[in-house]
Amino acid sequence: MNAKRSRLSRSSDFQRIYRQGSSTASRHLVLYAFKRAQGAPAEGPRLGLSVSKKLGGAVVRNRVKRLLREAFAAHEPHVSREYDVVFIARPQVLELVARQQEGEKGLVTAAVRDLLERAGLLAGSPSEPSS
RNA sequence: GGGGCAAGCCAGGUGGCCGCGUCGGCCCCGCGUCUCCCGUCUCCACGGAGCGGGCGAGGCAGCCGUCGAGGAAAGUCCGGACACCGCAGAGCAGGGCGCUGGAUAACGUCCAGCCGGCGAAAGCCGAGGGAAAGCGCAACAGAGAGCAGACCGCCAGCGGCCCCUUCGGGGGUGCGGGCAAGGGUGAAACGGUGGGGUAAGAGCCCACCAGCGGUCUGGCGACAGGCCGGCUCGGCAAGCCCCGCCCGGUGCAAGGCCAAAUAGGGGAGCGUUCGAGGGCUGCUCGUCCGAGGCUCCCGGGUUCCGGCCGCUAGAGCCGCCCGGCAACGGGCGGCCGAGAUGGAUGGUCACCCACGACAGGAUCCGGCUUACGGCUUGCUACUGUG
RNA sequence: UGGCGAGUGGCCUAACUGGCAAGGCACCUGACUCUGGAUCAGGGGAUUGAAGGUUCGAGUCCUUCCUCGCCAG
């Protein structure tokens with residue numbers, strides 16, 4: 001799990017995923033997913049995060065991104081490895097973050113798993129070389 | 001004890017497991033070098049050539065170690081450093097600042113003091129030069145608002161009319177006259193209070209106060225205090241302005257370098273005429289570049305996509321000593337405390353004080369302002385008890 | 001991150017050198033009409049983004065803050 005490789009960095013990557021990928025949404029999050037080209041090195045799913053300034057200051061946005069990264073890392077071994085994934089945080093995640101701050105566990109992780117399941121990206125076994 | 005005020009400090013802690021970024025080391029991987037060293041390696045025409053290791057620069061994963069957001073990192077309100085702009089010169093324009101003296105790289109900041117205001121005090125606040133250089137503003141109200149002015153009012157004498165008369169005069173009314181104390185308007189009415197004076201009054205005269213001018217003393221100075229004089233209109237320069245001081249523009253997306261592709265291009269030198277046009281700050285002066293020509297050299301950063309540098313050791317922090325009321329400066333010793341690039345500090349478990357506020361670096365510093373939890377110390381007034 | 005700009009009734013705009021915040025659309029009431037629209041008459045509605053300061057007086061001048069928008073990767 002090399003974190004640097006599995007991050008999305010280029011603006012063009014984001015643009016391609018938004019245009020050509022499929023989207024799934026819930027109250028809290030929007031998920032975009034896109035299957036990479038054949039030649040691209042497939043070492044695992046790549047993650048991109050988008051947290052708008054409307055959600056709050058830098059502290060709030062960092063907190064949301066950290067929780068989303070942590071939640072995605074929990075499911076990363078089970079996600080199809082040739083996909084690029086972008087999560088967009090909606091303002092409603094703030095209530096999840098607030099409740100988690102109060103002591104409730106796993107709310108963000110559950111929200112991430114819900115979207116990954118509905119997008120069909122969660123494979124039963126982590127190793128399935130079907131490309 | 002609960003208020004008020006000032007100064008300083010902390011920014012949850014410790015441990016276990018998983019996870020992230022920087023730097024260093026080990027291992028691994030190819031690359032380069034045989035101009036340096038090693039080899040009982042290979043070839044040889046004996047000059048050398050090659051191979052392996054050392055060595056050098058680098059890469060990704062793993063392991064180990066290391067360090068890893070703030071007092072405001074924020075707002076971007078000021079000031080600098082640094083970088084580039086044909087080195088940025090003079091004048092005007094423009095902008096900023098404005099009690100005094102210091103501090104500083106600089107400031108609109110800080111320190112000490114002066115004056116004014118608020119407060120019972122501790123203390124806090126103040127863009128606080130100039131209105132006898134000039135222009136300008138003051139709506140409404142009010143008689144009068146910038147050369148002041150007379151509505152109500154006060155006043156004696158004279159003339160007209162009316163009434164009364166003890167024939168001396170008295171009263172009323174109107175016009176002209178004197179006055180500015182009182183009423184009234186206003187944010188502001190040409191010094192204030194008291195006394196004398198007067199027909200009524202007025203700095204008309206006097207005392208005190210405020211203000212003005214002069215002078216003496218103290219202070220570097222802002223200014224303070226004393227004395228004397230003549231008696232006296234102000235407000236607004238966060239209106240234009242005057243005076244003094246300061247300011248070139250753009251900003252790390254500054255700017256520099258590298259690899260690949262494609263069209264264009266760029267630089268240096270020479271240079272006849274015209275000297276268009278342009279740059280240097282908006283203008284002027286001044287100054288510089290300057291197309292079209294020739295020669296030589298080179299890749300550049302305009303467009304698309306990348307990498308590296310700039311990039312963190314600095315007007316730095318801590319301790320002691322010295323100078324200074326202090327801000328601060330000097331000396332000695334010690335320390336290294338983020339450097340990311342879709343952007344790193346999180347998750348979970350346990351315990352403790354007790355549910356931890358505001359809040360996250362992006363070139364770097366010095367401030368200001370705003371947001372906000374807690375602790376300690378000192379000062380001041382009040383209340384209760386002894 | 002750096003550099004700019006703007007906030008006035010529900011909406012769109014005015015307010016000159018500081019001096020009673022004006023107008024249009026919209027809204028309400030009435031008239032006209034069988035009813036509605038249109039038209040006519042009348043009316044209400046503003047802490048001028050917020051807080052301080054200068055001034056007798058601030059939408060206007062000054063300072064700080066808030067919100068929104070724009071430009072540059």
Side-chain angles (χ1 to χ4, degrees):
Chain A
M1 167 183 331
N2 45 4
K4 199 160 193 173
R5 181 64 60 82
S6 61
R7 257 185 269 156
L8 283 176
S9 60
R10 296 293 145 224
S11 180
S12 60
D13 292 338
F14 279 82
Q15 292 303 319
R16 187 175 61 242
I17 293 166
Y18 289 151
R19 272 199 292 270
Q20 302 176 22
S22 60
S23 67
T24 313
S26 69
R27 289 185 64 239
H28 313 292
L29 297 170
V30 180
L31 167 67
Y32 278 85
F34 175 65
K35 195 171 185 178
R36 281 197 302 275
Q38 301 294 333
E43 301 201 355
R46 296 196 298 173
L47 174 66
L49 295 173
S50 177
V51 183
S52 162
K53 252 182 186 174
K54 287 177 187 172
L55 271 73
V59 170
V60 174
R61 298 202 307 275
N62 275 341
R63 174 120 197 104
V64 170
K65 285 196 276 188
R66 280 165 187 158
L67 288 175
L68 286 176
R69 267 197 289 270
E70 197 75 30
F72 184 74
H75 301 102
E76 203 224 341
H78 307 288
V79 174
S80 304
R81 45 173 38 193
E82 65 270 14
Y83 275 87
D84 286 343
V85 165
V86 172
F87 281 100
I88 299 173
R90 290 181 145 176
Q92 283 81 6
V93 286
L94 292 181
E95 59 187 66
L96 290 187
V97 172
R99 281 165 61 193
Q100 197 146 322
Q101 194 82 13
E102 292 296 313
E104 294 188 51
K105 308 294 182 195
L107 293 173
V108 177
T109 307
V112 167
R113 181 173 54 236
D114 174 54
L115 277 187
L116 287 173
E117 275 178 356
R118 280 165 46 190
L121 294 178
L122 276 185
S125 64
S127 62
E128 44 104 31
S130 69
S131 80

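For the pair A:Glu70 CD and B:C17 C1', the interatomic distance rounds to 13 Å; values are reported in whole Å. Residue A:Phe72 contributes atom CZ, which lies 15 Å from atom C1' of B:G19 at whole-angstrom precision. Atom CG in A:Leu47 sits about 8 Å away from atom P in B:G343, given to the nearest Å. Rounded to whole Å, the distance from NZ on A:Lys54 to P on C:U67 is 14 Å. Remark: C1' of C:G69 and NZ of A:Lys53 are 13 Å apart, rounded to the nearest angstrom. Across the protein-nucleic acid pair, A:Leu107 atom CG and B:G347 atom P stand 13 Å apart, rounded to whole Å. One atom, CZ of A:Arg69, and another, C1' of B:U345, lie 11 Å apart when rounded to the nearest Å. If you take NE2 of A:His75 and P of B:G347, they are 17 Å apart, rounded to a whole angstrom.
Taking all atoms of both residues into account, the shortest heavy-atom contact from A:Ala33 to A:Tyr83 is CB-CD2, 4.3 Å. Scanning all heavy atoms of the two residues, the minimum distance from A:Leu55 to A:Leu94 falls at O-CD1, 3.4 Å. Taking both residues in full, the closest heavy atoms of A:Ala111 and A:Leu96 are given as CB-CD1, 4.1 Å, listed atom of the first, atom of the second, then distance. Of all non-hydrogen atoms in A:Leu47 and A:Arg69, the two that sit nearest each other are CD2-CG, 4.1 Å. Closest approach of A:Gln100 to A:Leu107, counting heavy atoms only: OE1-N, 3.3 Å.
Going from atom NE2 of A:His75 over to atom CG of A:Leu121 covers 12.0 Å, rounded to the nearest 0.5 Å. Note that CZ of A:Phe87 and CG of A:Leu116 are 4.5 Å apart. Values are rounded to the nearest 0.5 Å.
Regarding contacts with the backbone of B:U348, every side-chain N or O of A:Arg66 stays at 4.0 angstrom or more from both OP1 and OP2. Between A:Arg63 and B:G346 there is no side-chain polar atom (N or O) within less than 4.0 angstrom of OP1 or OP2.
B:G251 is paired with B:C82 under the criterion used here, namely a Watson-Crick or G-U wobble arrangement in which both key atom distances are under 3.5 Å. Across all strands shown, B:U109 forms a Watson-Crick or G-U wobble pair, both distances under 3.5 Å, with B:A103. Using N1 to N3 plus N6-O4 or O6-N4 for Watson-Crick, or N1-O2 and O6-N3 for G-U wobble, each under 3.5 Å, B:A156 pairs with nothing. Checking B:C351 for Watson-Crick or G-U wobble geometry (two distances, each under 3.5 Å) identifies B:G13 as its partner. Base-pair partner of B:U198: not found among the strands shown (Watson-Crick or G-U wobble, both distances under 3.5 Å). With a cut-off of 3.5 Å on both pairing distances, B:G174 has no Watson-Crick or G-U wobble partner at all. Remark: B:C305 base-pairs with no nucleotide; criterion is Watson-Crick or G-U wobble with both hydrogen-bond distances under 3.5 Å. With a cut-off of 3.5 Å on both pairing distances, the Watson-Crick or G-U wobble partner of B:A90 is B:U284.
A salt bridge is defined here as a Lys NZ or Arg NE, NH1 or NH2 lying under 4.0 Å from an Asp or Glu carboxylate O, and A:Glu95 with A:Arg27 meets this definition.
Base orientation of B:G71: syn (glycosidic angle within 90° of 0). Classification of B:G86 as anti follows from a glycosidic angle more than 90° from 0. In B:G30 the base sits anti relative to the sugar, since the glycosidic angle is further than 90° from 0. Taking the O4'-C1'-N9-C4 or O4'-C1'-N1-C2 dihedral as appropriate, B:A69 has a value within 90° of 0 and is therefore syn. Here B:G244 is in the anti range [glycosidic angle more than 90° from 0].
Nucleotides B:C124 and B:G144 place their C1' atoms 44 Å apart, quoted to the nearest Å. As rounded to the nearest Å, C:C68 and C:U29 have C1' atoms that lie 38 Å from one another. Rounded to the nearest Å, the gap between the P atom of B:G360 and that of B:G306 is 29 Å. If you take atom P in B:G47 and the same atom in B:U35, they sit 16 Å apart, rounded to whole Å. B:A121 and B:G230 have their C1' atoms separated by 44 Å, given to the nearest Å. Between B:A327 and B:C368, the distance separating the two P atoms is 15 Å to the nearest Å. Across the C1' atoms, B:U104 and B:G4 are found 36 Å apart, a figure rounded to whole Å. For the P atoms, the distance from B:A132 to B:C147 is 12 Å, rounded to whole Å.
The residue A:Arg61 sits apart from the nucleic acid: no heavy atom pair falls under 4.0 Å.
Side chain of A:Arg118 to backbone of A:Ala25: a donor-acceptor contact under 3.5 angstrom is found. Side-chain N or O atoms of A:Arg90 include one that pairs as donor or acceptor with a backbone N or O of A:Ser26 at under 3.5 Å.
Pairing analysis of RNA chain C (Watson-Crick: purine N1 to pyrimidine N3 plus N6-O4 or O6-N4; G-U wobble: N1-O2 and O6-N3; both under 3.5 Å) yields stems of 3 or more pairs at C:1-7 with C:66-72, C:10-13 with C:22-25, C:27-31 with C:39-43, C:49-53 with C:61-65.
Mapped onto RNA chain B by nearest heavy atom, A:Lys65 and A:Asn62 fall at different nucleotides, with A:Lys65 at the one closer to the 5' end.
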